[in-house]
Amino acid sequence: MITSFRIQTSAGGRETYSPGLVVGNRVYWTRETDRPGAPIDTRLLPVTARRRDVVAAFRK
């Protein structure tokens with residue numbers, strides 16, 4: 001499983017993705033942005049998810 005990572009968005013902002021609670025073979029991932037007042041999103045993804053899989057899940 002990968003650890004937290006940060007990406008630069010095309011709009012010039014930053015997003016931080018962090019793994020959290022492990023439930024069986026899945027992990028709760030959270031996405032935080034540097035925009036004030038933006039909500040923190042959560043997704044339940046497989047433990048084997050790669051960075052690109054995590055980012056793609058939040059883009060849907």
Side-chain angles (χ1 to χ4, degrees):
M1 185 174 72
I2 58 177
T3 60
S4 297
F5 62 94
R6 192 176 287 163
I7 64 168
Q8 188 82 21
T9 64
S10 57
R14 273 192 257 170
E15 296 177 343
T16 303
Y17 296 87
S18 305
L21 181 66
V22 177
V23 180
N25 62 347
R26 297 187 168 278
V27 178
Y28 278 100
W29 280 88
T30 58
R31 176 181 68 175
E32 299 177 63
T33 64
D34 60 356
R35 292 177 298 161
I40 296 174
D41 295 329
T42 304
R43 300 282 191 278
L44 185 60
L45 303 172
V47 172
T48 56
R50 296 182 175 150
R51 280 185 182 207
R52 67 175 179 250
D53 301 330
V54 173
V55 173
F58 283 95
R59 302 277 185 224
K60 289 182 181 179

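- Cluster membership for Val55 and Val47, using ILVMFWY side-chain heavy atoms within less than 4.5 angstrom, is shared.
- The distance from atom CZ of Arg6 to atom CD of Glu15, rounded to the nearest 0.5 Å, is 11.5 Å.
- Across Gly20 and Val27, no two heavy atoms sit closer than the pair N-CG1, 3.8 Å.
- Residue Thr16 holds its OG1 atom at 9.5 Å from CZ of Phe5, rounded to the nearest 0.5 Å.
- The cluster map of Ile, Leu, Val, Met, Phe, Trp and Tyr, joined by side-chain heavy atoms under 4.5 Å apart, puts Tyr28 and Ile2 in different clusters.
- Note that CZ of Phe58 and CG of Leu45 are 6.5 Å apart. Values are rounded to the nearest 0.5 Å.
- Although no hydrogens or angles enter the test, the distance criterion places a donor-acceptor pair under 3.5 Å between the side chain of Asp34 and the main chain of Arg14.
- For Thr3 against Trp29, the heavy-atom pair with the smallest separation is O-CH2, 4.0 Å.
- Separating the OH atom in Tyr17 from the OG1 atom in Thr30 is a distance of 10.5 Å, to the nearest 0.5 Å.
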